[in-house]
Structure formats: C-alpha cells, structure tokens
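Written below as structure tokens is the structure these notes are about.
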Amino acid sequence: MADSRTFSATYRRIYAAVRLVPAGRVATYGDIAALAGLPGQARLVGYALHALPPHSTVPWHRIINARGGLSLERSGPGGGLAQRFLLESEGVAFEASGRVPLARYRYAPRRSHARAPR
DNA sequence: CATTTGACATCTT
DNA sequence: TAAGATGCCAAAT
C-alpha cells in the first residue's frame with residue numbers, strides 16, 4: 001500500500017484507480033484521473049505517482065501519457081527504461097517510435113477514434 | 001501563510 | 001508537426 005495515512009484521500013483515489021488497470025494493459029493519466037473521479041486532473045495523477053513510495057504495490061508503470069509515451073523519460077533520461085521493461089514483461093509491445101499503441105493496450109477506452117465534444 | 005514546482009492534457013498559434 | 005500558453009491540485013520550501 002501507499003502509506004494511505006500519509007497521503008490525502010485524493011491520492012488514495014488515484015492509487016485505487018491505478019490498481020484497476022490489469023497486467024498487460026496501459027492507461028493514460030487522464031483515464032486514471034477519470035476513474036478516480038477526478039476528471040481533468042491528469043496532473044495530479046502524475047504527481048501522485050511520483051510521490052509513490054518504491055515499496056508500493058501500485059502498478060505505476062502501466063500509466064503513460066496521452067501520446068503513448070513514457071513520461072518518465074521526459075522528466076529524467078533513463079528513467080523510462082525500467083518502466084518500458086516492466087511493460088514489455090507484461091506483454092505490452094512498443095512501436096519502433098518508442099511509443100505504446102494506445103488503440104490496442106489502452107484500458108478503459110473512451111472515444112477510441114472520436115474527440116470529446118465541446 | 002505565500003510562492004514555486006511537477007511522471008499531464010488540451011487548445012491555439 | 002512543433003512550440004507556447006492555460007487549467008487544475010497537492011506537496012515542498
């Protein structure tokens with residue numbers, strides 16, 4: 001667990017949503033935020049995962065950005081390698097461009113090919 | 001208590 | 001396609 005008492009209820013919601021993602025599947029920060037009941041708070045998801053203790057059982061590696069890329073790479077070089085390895089271990093294949101085909105592995109797919117109405 | 005910062009997403013130029 | 005700007009929230013300083 002992610003030291004539930006150390007984190008806010010909001011974070012706990014996020015962690016719970018992340019745990020809903022089955023192995024071999026990925027989800028975007030936005031999806032997790034929506035699952036956690038915090039639509040639009042994708043940023044909080046990323047921050048929550050960053051604050052996640054190493055001993056937690058939360059499958060943080062299954063959370064990627066909307067481009068299908070690993071956000072860890074963006075923050076620090078080499079950081080995404082571990083995440084990529086974990087995902088590949090679960091059967092997630094990466095494209096040559098280094099991205100994950102969301103259309104295939106994305107969990108809780110919303111508007112697969114359409115954009116959100118405004 | 002106020003300011004800064006951060007594993008993002010989405011729109012606009 | 002790329003780059004810049006904005007919104008949102010919590011934790012750290």
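Values below: every heavy atom of this structure, side chains too, minus hydrogens, waters and symmetry copies. Residue numbers start from 1 in every chain, and the chains themselves are labelled A, B, ... in the order their sequence lines are given, proteins ahead of strands.
In this structure, the CG atom of L72(A) is 8 Å from the P atom of dA7(B), given to the nearest Å. Counting to the nearest Å, the P atom of dG6(B) and the CG atom of N65(A) are 17 Å from each other. Distance, R74(A) CZ to dA9(B) C1': 10 Å, rounded to whole Å. Between L35(A) atom CG and dA9(B) atom P the separation is 14 Å, expressed in whole Å. We find that CD1 of I32(A) is positioned 17 Å from C1' of dC9(C), with the value rounded to whole Å. Between the C1' atom of dC8(B) and the CG atom of L38(A) lies a distance of 14 Å, rounded to the nearest Å. Per the geometry, OH belonging to Y11(A) stands 17 Å off P belonging to dC8(C), to the nearest Å. Rounding to whole angstrom units, CZ of residue R12(A) and P of dC9(C) are separated by 19 Å.
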Check nucleotides 5-7 of chain C against the protein and report each pair of N or O atoms closer than 3.5 Å, with its distance, or say if there are none.
| residue | atom | partner | partner atom | Å |
| --- | --- | --- | --- | --- |
| dG7(C) | O6 | R43(A) | NH1 | 3.1 |

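Contact between the side-chain N/O atoms of S8(A) and the OP1/OP2 oxygens of dA11(C) is found at a separation under 4.0 Å. Contact between the side-chain N/O atoms of T10(A) and the OP1/OP2 oxygens of dA10(C) is found at a separation under 4.0 Å. A sub-4.0 Å separation between OP1 or OP2 of dC9(C) and a side-chain N or O of Q41(A) is present.
Of the residues in residues 78-86 of chain A, none has a non-hydrogen atom less than 4.0 angstrom from any atom of DNA chain B.
Counting all heavy atoms, side chain and backbone alike, V18(A) lies closest to L49(A) at CG2-CD2, 4.2 Å. The minimum heavy-atom distance between Y105(A) and V100(A), with the atom names listed, is CD1-CG1, 3.9 Å. L70(A) and G80(A) get closest at one heavy-atom pair: CD1-O, 3.2 Å. The nearest pair of heavy atoms linking V21(A) to Y107(A) is CG2-CD2, 3.9 Å. Between T57(A) and R19(A), the shortest heavy-atom contact is OG1-NH2, 4.1 Å.
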field: Test log, rule side-chain contact (heavy atoms from CB on, under 4.5 Å), inputs L72(A) and W60(A)
entry: CA-CA 11 Å; L72(A) 267 177; W60(A) 56 271; 3.7 Å; yes

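Nearest nucleotide to the side chain of L44(A), out of dC8(B), dC8(C), dG6(B): dG6(B). Residue H50(A) places its side chain closer to dA7(B) than to any other of dC8(B), dA7(B), dA10(C). Nearest nucleotide to the S71(A) side chain, out of dC8(C), dA10(C), dA7(B): dA7(B).
The backbone N or O of A34(A) sits nowhere less than 3.5 Å from a side-chain atom of D31(A) that would complete a donor-acceptor pair. Side-chain atoms of Y15(A) do not come within 3.5 Å of backbone N or O of T10(A) as any donor-acceptor pair.
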Can you give me every donor-acceptor pair (side chain of residues 86-94 of chain A, partner residue at least two apart or in another chain, under 3.5 Å) with its distance?
| residue | atom | partner | partner atom | Å |
| --- | --- | --- | --- | --- |
| E88(A) | OE2 | R84(A) | NE | 3.2 |
| S89(A) | OG | F85(A) | O | 2.8 |
| E90(A) | OE1 | G24(A) | N | 3.3 |
| E90(A) | OE1 | R62(A) | NE | 3.0 |
| E90(A) | OE2 | H61(A) | NE2 | 3.0 |
| E90(A) | OE2 | R62(A) | NE | 3.3 |
| E90(A) | OE2 | R62(A) | NH2 | 2.8 |

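Between A66(A) and Y47(A), the residue whose closest nucleotide on DNA chain B is further toward the 5' end is Y47(A).
Hydrophobic clustering of Ile, Leu, Val, Met, Phe, Trp and Tyr side chains at less than 4.5 Å, counting indirect connections, keeps I32(A) apart from V26(A).
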